[in-house]
Chemist: 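Sharing a structure with you now.
Numbers here simply count residues along the sequence, with the first being 1. The shown structure was predicted, so the numbers you read here are calculated from the model rather than taken from an experiment.
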Amino acid sequence: MNKKYIIAAAFLILGAVTQSCSNDFIDVSPTEAIPESALGEIYNNDAGANSLVTAIYAKFLDWNMSTFAWIGVTSIVSDDADKGSSASDSGSDKDILDALTFTASTPSFKELFASNYQGINRCNQALKYLPQLDKADPQLRERLAGEAKFLRAFMYFTLVRSFGGVPLVDHVPVTGVEADKLMTLTRKSKEEIYAFIEKDLKEAAAVLPSGTGGERATKGAAHALLAKVYLYQKKWQLAVDEANLVTGYSLTPVFQDIYKVSGENNAESIFEINGSGGTAGRAIQQYSQVQGARGTTGWGWGFATPTQGLYDAYSATDSRRDATIIHRDMTLYDGYYVGPNTENKFYNYKAYSSNYRDQASTDVNIRYLRYAEVLLIKAEAMNELGQTSAAIPFLNQVRNRANIGNSPASSQADVRLDIWKQRRLELAFEHDRWFDLVRTGQAQAAMAADGGKQFIVGKHELFPLPQDFIMEAGGLSAQNPGY
């Protein structure tokens, strides 16, 4: 009997894109092949509908999505982190990223590109199949479709910040359909990608439930991400309007508490990726291990080590410094002592797992949207609109939680600089620093100050598209300038 199967489809958009994306496939389980008829027989219920969207969240646990490549292209490439580890360990290409000498063949960019399109394909599959599950609760299906659109927007935001214009794949491509092949291989403009992101987030916000805690996408998460999307486009008033719709959240009184297991999905959390530790856990693959202290009294690989420049940017009274940066001869919050002989001077405290310190599967979450950032978005946008005196109190909420008092700045220019500095200190190792440097025009000076690294204006604002993709596109998509 000739059966069609619902299987785990690896949507790579590199190489065999048209061979792997038939509409006969749905990515529900990474290990199970299920007859297509199961869509009606097994998945046509609330649990089945949920599984379609749970599969999207699960993509964020993968090594190629959230671990080595992602750490490299967001932290190591910036002035917040050095490659770390030992001098003899290049980390595949992390030394190249650190030195800003990367090319279109640098592996991390292929992983960044492919993993996000794999996730987008899961979103598109969920949005295709959810309407067919007529035995599942209609309100549940509507909410899940909103989550899928939020997650798709999140991944396209990563892509557009990284590469500029990229292919806009808004549905599951069908093998043999020429229009779908062109869709997967043809870049759209940066403006078209941003417009698509905005549309997805507006539609998500309309159907997602309210509520705090960042375990799943909510109305607050959609408004917060849309505020950030507008900030990156310098649509200041729209950023303020969206930030004002993010309500019901509050700052965690003690900054360090955010990054403990007890602080996961708390009142400050708007959206985070959740990991659970242990052999049977669903952890973000080796996220903690890659960044853990290396050597004597260490437990990890020691990559993405905080720079001296980042450490020195904090004042001695700033409570965020010793909650963000592990240093030698330091006792951690759980009593674990990091001795004086670790291989590197500093390590990322936000990636530390107390319960599963030396294990690949840990219980660390990645905090992607917090209320503190919404306050800083509002402050920055209002200041750019000339509402400086009204912006300062939102900046001061973040500063006062860090025990550094009110901002000494009063002019628009000085307040702008303080907001940018507080974004760095507040959000260090939350995967925004490189993109912030680029969007604010600080990258050239910041990289020169970080060991004399050369940020080439007109080139390094964007990462190179993977060479494999450019070759597969066959002239349909051009490489970014300078690569």
Side-chain angles (χ1 to χ4, degrees), residues 71 75-76 78-82 84 251-264 266 268-269 272 287-358 362-367 370-373 375-376 395-407 418 420-433 450:
I71 292 164
S75 293
I76 294 173
S78 79
D79 60 342
D80 275 1
D82 293 320
L251 296 178
T252 303
V254 178
F255 185 78
Q256 176 128 68
D257 287 347
I258 300 169
Y259 305 98
K260 300 176 182 178
V261 171
S262 58
E264 294 175 355
N266 67 10
E268 182 167 342
S269 175
E272 55 191 80
Y287 184 80
S288 297
Q289 190 174 54
V290 163
Q291 300 177 85
R294 184 182 181 113
T296 306
T297 70
W299 58 88
W301 298 6
F303 283 94
T305 54
T307 60
Q308 187 69 50
L310 175 62
Y311 185 86
D312 292 344
Y314 293 97
S315 69
T317 62
D318 193 325
S319 63
R320 295 172 298 191
R321 187 188 68 182
D322 290 345
T324 300
I325 299 174
I326 293 172
H327 58 76
R328 293 169 177 156
D329 193 25
M330 180 180 186
T331 300
L332 306 184
Y333 65 78
D334 59 358
Y336 186 85
Y337 175 63
V338 179
N341 298 314
T342 55
E343 192 152 342
N344 309 102
K345 185 176 181 180
F346 300 127
Y347 296 97
N348 176 9
Y349 208 165
K350 292 181 179 179
Y352 176 70
S353 170
S354 178
N355 296 326
Y356 302 96
R357 182 182 303 106
D358 59 353
T362 64
D363 52 4
V364 166
N365 288 6
I366 302 179
R367 279 72 171 177
R370 295 190 284 112
Y371 186 58
E373 184 177 10
L375 293 173
L376 292 172
L395 169 62
N396 284 341
Q397 287 187 54
V398 176
R399 290 179 57 97
N400 286 322
R401 197 260 300 271
N403 298 320
I404 58 172
N406 289 339
S407 176
D418 194 14
W420 289 351
K421 180 177 182 179
Q422 297 314 313
R423 281 190 66 89
R424 182 188 191 187
L425 303 182
E426 181 74 23
L427 304 175
F429 295 99
E430 294 178 40
H431 305 286
D432 270 329
R433 176 60 176 171
D450 184 27

Chemist: Please check: side-chain N/O of Tyr336 versus main-chain N/O of Thr297, any donor-acceptor pairing under 3.5 Å?
Modeler: yes
Chemist: Measure the OG1-OH distance between Thr252 and Tyr259 for me, rounded to the nearest 0.5 Å.
Modeler: 8.5 Å
Chemist: About how many Å separate CZ of Phe429 and OG1 of Thr324, when rounded to the nearest 0.5 Å?
Modeler: 8.5 Å
Chemist: For the CD atom of Gln422 and the CZ atom of Arg320, what is their distance to the nearest 0.5 Å?
Modeler: 4.5 Å
Chemist: Would you sort out whether Tyr347 and Trp299 count as a ring-ring contact (aromatic ring centres under 6.0 Å, His included), showing the intermediate values?
Modeler: CA-CA 11 Å; Tyr347 296 97; Trp299 58 88; 7.2 Å; no
Chemist: Distance from Asn344 atom CG to Trp301 atom CH2, nearest 0.5 Å?
Modeler: 14.5 Å
Chemist: Look at the rings of Tyr311 and His327 and say which category their plane angle falls in: under 30° parallel, 30 to 60° tilted, over 60° perpendicular.
Modeler: perpendicular
Chemist: Are any of the side-chain nitrogens in Arg370 or Glu430 under 4.0 Å away from the carboxylate oxygens of its partner?
Modeler: yes
Chemist: Can you tell me how far apart OG1 (Thr305) and CZ (Phe346) are? Round to the nearest 0.5 Å.
Modeler: 9.0 Å
Chemist: Quick one: does any side-chain atom of Asp82 pair with a main-chain N or O of Gly84 as donor and acceptor, under 3.5 Å?
Modeler: no
Chemist: State plainly whether the residues Asp418 and Lys421 are in salt-bridge range, i.e. N to O under 4.0 Å.
Modeler: no
Chemist: Output yes when a side-chain donor or acceptor of Tyr287 lies under 3.5 Å from a complementary backbone atom of Ala351, and no otherwise.
Modeler: no
Chemist: So does Asn403 get a backbone contact from the side chain of Ser319, meaning a donor-acceptor N/O pair under 3.5 Å?
Modeler: no
Chemist: With a 3.5 Å distance limit and no angle check, can you tell me whether Asn266 reaches the backbone of Glu268 through a side-chain donor-acceptor pair?
Modeler: yes
Chemist: How long is the gap from CD1 on Ile326 to OG1 on Thr342, to the nearest 0.5 Å?
Modeler: 9.5 Å
Chemist: Between Asp334 and Lys260 (salt bridge meaning N to carboxylate O under 4.0 Å), is one present in this structure?
Modeler: no
